[in-house]
Amino acid sequence: SIALARYLRLWDRDEIELSISYIVSGDEQKLRDLCRLREELAQEKSKEAQRISAHMRRNGEYLDESKYPSLTTDKALNYILETYADDYVLCERVRSYAYLTMRCKDIDQKLKDSKVMADEVELLSSIPGIGELSAIQLMSAIVDIDRFPTKGQFRSFFGLAPIVKDSGGKQHHGHITKMGDRMVRHILYRVVYTHMNCPNGHIKRYYESCTSRMCKSKARTAAANKLLDLIYAILKRGTPFRNC
């Protein structure tokens, strides 16, 4: 408390510079908490699907891939429940997966019904690869684009800015800081992958050009930064995406 009071006094006298942190509260905080819960459930759902697959391989239980190409479809899950009804553990895992799916759908609907930052969500949804739910999740972290004066600060918030070291009067750029919200960074990478599946997406073209001179992990980070620059520009301008 004494140290904080001293810093505030020096700041009031313009003897040091302090940046004020943005504190999320109210409906924006509720939206962020809901998005975080949704992401946690999605991760648990993915883990449960892996457990089901591993259990079936371990016990010699198989699906006809020509009829059920995906393990997690309703038809495939119902087939497992009917065919391997005597495997209690497997059936419990399938029911657990179905329950997690139901919870995710309920939260998805709550997020879609939310009107918090609706204009910004609509702007982000205009970018190929960013659906309504992804736009809501991203905006729950960004909240207000005006709190980021530069693109560099926006990248730093997501932990995608490079670590800069000064040595002998020269600057060396290292790995990304990863100082941002891990959940939001995960959502961003997912959006990048989706965007790269869109035909004629300029992020996809940029990624492909990067892979010719760097490894895929670095190219992915470069593509994510490129997408962040696009998001930053669109939110700052307040105009939807237009593909050139």
Taking all non-hydrogen atoms of both residues, which atom of Thr239 and which atom of Ile234 are closest, and how far apart?
-> O-CG2, 3.3 Å

Which heavy-atom pair separates Ala76 from Ser70 by the least distance, and what is that distance?
-> CB-O, 3.3 Å

Going through the checks in order, is the ring pair (Phe, Tyr, Trp, His ring centres under 6.0 Å) test met by Phe148 and Tyr232?
-> CA-CA 9 Å; Phe148 304 104; Tyr232 184 83; 7.5 Å; no

Taking Ser46 for the side chain and Gln43 for the main chain, is one N or O donor matched with an acceptor at less than 3.5 Å?
-> no

Smallest separation among heavy atoms of Leu77 and Leu71, with atom names | CD2-O, 3.6 Å

Verify, without hydrogens or angle tests, whether Asn59 (side chain) and Glu61 (backbone) share a donor-acceptor contact under 3.5 angstrom.
-> no

Given Tyr189 and Tyr193, is the ring pair (Phe, Tyr, Trp, His ring centres under 6.0 Å) satisfied, shown in steps?
-> CA-CA 6 Å; Tyr189 279 128; Tyr193 281 127; 7.4 Å; no

Take Gln109 and Asp113, measure what side chain to side chain contact (heavy atoms under 4.5 Å, CB included) needs, and give me the verdict at the end.
-> CA-CA 6 Å; Gln109 191 58 51; Asp113 292 341; 3.1 Å; yes

Using a strict 4.0 Å threshold on nitrogen-to-oxygen distance, state whether Glu39 and Arg36 make a salt bridge.
-> no

Considering non-hydrogen atoms only, spot the tightest contact between Glu48 and Ser96 and give its length.
-> OE1-OG, 3.2 Å

On a heavy-atom basis, the closest approach of Tyr62 and Tyr79 is O-CE2, 4.3 Å

Which is it for Asp229 and Phe154 under the side chain to side chain contact (heavy atoms under 4.5 Å, CB included) test, yes or no, and what are the steps along the way?
-> CA-CA 8 Å; Asp229 291 346; Phe154 190 55; 5.9 Å; no

Do the side-chain N and O atoms of Arg57 and Ser53 include a donor-acceptor pair separated by under 3.5 angstrom?
-> yes

Of all heavy-atom pairs linking Cys104 and Leu41, the shortest is SG-CB, 3.8 Å

